[in-house]
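Here the structure is a predicted model, which means the values were calculated and not measured. Indexing begins at 1, ligand by ligand and atom by atom, following the structure's order.
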Amino acid sequence: MAIDAPSSPAVQPWSDRLRRAAIILIAAALALSVVVSLGELSVVRALTIFLCIAIAALIPWRLHDAAASRDDVRRIDPVESAAVAAVVAGMPDPAVLLDRAGRVLHLNAAAAELAPALRRNELAQFALRSPEIITALREAIATSEPRRADYLDHVPVDRWMELIVTPVPVPTLFGGTDKCMLMTFHDQTPLRRVEEMRADFVANASHELRTPLAALSGFIDTLQGQAKDDPKARERFLGIMHAQATRMARLIDDLLSLSRVELSAHVRPDTLVDLVPIIRQVADGLEPLARERQVEIDTELPEAPVMIAGDREELLRLFENLIENALKYGASGGRVIVSLITVPGSDGTQEIRAMVRDFGPGIAPEHLPRLTERFYRVDIGDSRSQGGTGLGLSLVKHILNRHRGRLLIESQPREGATFTACFPQPRIPAAA
Ligand code: ADP
């Protein structure tokens, strides 16, 4: 399956042809003059033979150029070839150098790992078997311009690669150049994933907004129609409409907070704040909800200030989300413990840990890694009935990232859940 286009063979420049012809003619002249001087050949015959060699050396270069690509491989200057092999081997992305028929001349370890079927001196088309790639190779050699194609790898996980075929001139033994093709693979998987996440996010956000909106307009219709003169129904429907409107407002609020935190993700807060009054303020603020759910909030906070470099408003939001979740989803346990401790970190510094523990139904292990994804809920119905947006823990994670902290989630079904916000010790001494 040769891909060399007959319409555009690689024609060698005249200087190359003359140089090669000159080498052959000098060698022939030397050999013939030795034979003539030994008396084995007449001068006329020697001249005739020399003339034939000269014609053969000068005329059929195009035929030689169109010869099989295995010859091209041999013609490539071995010194240059070693340099080219070193360059290909040193490329960070998977890279393969092909001759103009598509036969593999060099490939690096990353390419061998990506496509184990690729082997030296074998056609890449057989190994990659994609019509799009074969077309890209054919067009690149025919037009001398780079071409791109998609390469999908499904083992061991899905990977999307962009393949770029670039025609490159490689020096030959006789000072000329041969057209080869450099095939490089660029991993597009992270970009693809981000794009999928963005599309999912837009779909989720519009769905979440549309649901309460649809409920609101449904109730407005009912109130304008059959429930117009029914004060009891009106009262009940207005209550539901209020709850839906509050949910919408909360969703918009959470979306805005998320985008604000994301925008400033790279700027680490540098103001020193005391975590103790922040946590106390949130716990006190959530007392009415705790009473409503018949849950007792125990705060185990140190007397002394616990300083971190942080953004007060964001920290209030973080603890609001964690304690509110414990009250909402862990209410059946009847008790929530909020504590603050300092422990030695892995790198010799201290780590400040704020823990929110409940004794509710807990969370099954398969949900734990996904809890901080946007709109992820263990039970959508439960979350909605509690006025949840599915964005709370995502916001918590982003706020912690901005504070260079981390979130630990531990839970056993039926044994409650513990959410721990870990903060690094501030870089500025607390006394400052
Ligand atoms: P939501 O707005 O739904 O509360 P979150 O991002 O705050 O969104 O939480 C995501 C999901 O994690 C919740 O819907 C709930 O299923 C689960 N979850 C969060 N906290 C707890 C908890 N303390 N106990 C059990 N499940 C929890």
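For ligand 1, the atoms lying closer than 4.0 Å to a non-hydrogen atom of L371 are 12 (O). Proximity to Y376 (heavy-atom distance under 4.0 Å) selects the following atoms of ligand 1: 10 (C), 11 (C). Taking a cut-off of under 4.0 Å to the non-hydrogen atoms of G390, the atoms of ligand 1 that pass are 1 (P), 2 (O), 3 (O), 6 (O), 8 (O).
For atom 7 (O) of ligand 1, the nearest non-hydrogen atom of the protein is N325 ND2, 2.8 Å. Given atom 14 (O) of ligand 1, the protein heavy atom at minimum distance is R377 CG, 3.1 Å. Here the heavy atom of the protein found nearest to atom 24 (N) of ligand 1 is Y329 CB, 3.5 Å.
Polar contact with ligand 1: absent for G330 (N/O pair, distance under 3.5 Å). When only interatomic distances are considered, the shortest N/O to N/O separation between G388 and ligand 1 does not fall below 3.5 Å. When only interatomic distances are considered, the shortest N/O to N/O separation between A417 and ligand 1 does not fall below 3.5 Å. For L393, a nitrogen or oxygen atom sits less than 3.5 Å from a nitrogen or oxygen atom of ligand 1, counting backbone and side chain alike. An N or O contact shorter than 3.5 Å is missing between N321 and ligand 1 by distance. An N or O contact shorter than 3.5 Å links T389 to ligand 1 by distance.
Between the side chain of K179 and the backbone N or O of V168 there is no donor-acceptor pair closer than 3.5 Å. Judged purely by atom type and a 3.5 angstrom limit, Q386 uses its side chain to pair as donor or acceptor with the backbone of K328. T420 places no side-chain N or O within 3.5 Å of a backbone atom of M355 that could act as its donor or acceptor partner. Put simply, the side chain of N108 gets close to the backbone of M91: a donor and an acceptor are under 3.5 Å apart.
Between the side chains of T389 and D254, a donor-acceptor pair is found at a separation under 3.5 Å. Residues R353 and T342 have side chains that never bring a donor and an acceptor to within less than 3.5 angstrom of each other. No side-chain donor-acceptor contact under 3.5 Å links S264 and H266. Judged purely by distance below 3.5 Å, without hydrogens or angles, the side chains of R312 and Q281 pair a donor atom with an acceptor atom.
Residue contacts with ligand 1 for F419 involve side-chain atoms from C-beta outward but no N, CA, C or O (heavy atoms, distance under 4.0 Å). At a heavy-atom distance under 4.0 Å, only side-chain atoms of D358, from C-beta outward, approach ligand 1. When non-hydrogen atoms are compared, ligand 1 lies under 4.0 Å from the side chain of I363 (C-beta onward) but not from its backbone.
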- Task: Give the intermediate values and the outcome of salt bridge (Lys or Arg N to Asp or Glu O under 4.0 Å) for residues E296 and R335.
- Result: CA-CA 5 Å; E296 196 178 315; R335 189 173 170 218; 5.8 Å; no

- Message: Run the salt bridge (Lys or Arg N to Asp or Glu O under 4.0 Å) test on R192 and E195 for me, step by step, so that the C-alpha distance in whole Å, both residues' side-chain angles and the decisive distance to 0.1 Å come before the verdict.
- Response: CA-CA 5 Å; R192 248 338 224 269; E195 178 50 32; over 6 Å; no

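One option in I380, V378, I409, L322 has a heavy atom closer to atom 16 (O) of ligand 1 than any other, and that option is V378. Of the listed residues (G416, S394, S383), the one carrying the non-hydrogen atom nearest atom 3 (O) of ligand 1 is S383.
Between F423 and H403, the ring planes lie perpendicular to each other; the angle is over 60°, past the 30° to 60° tilted range.
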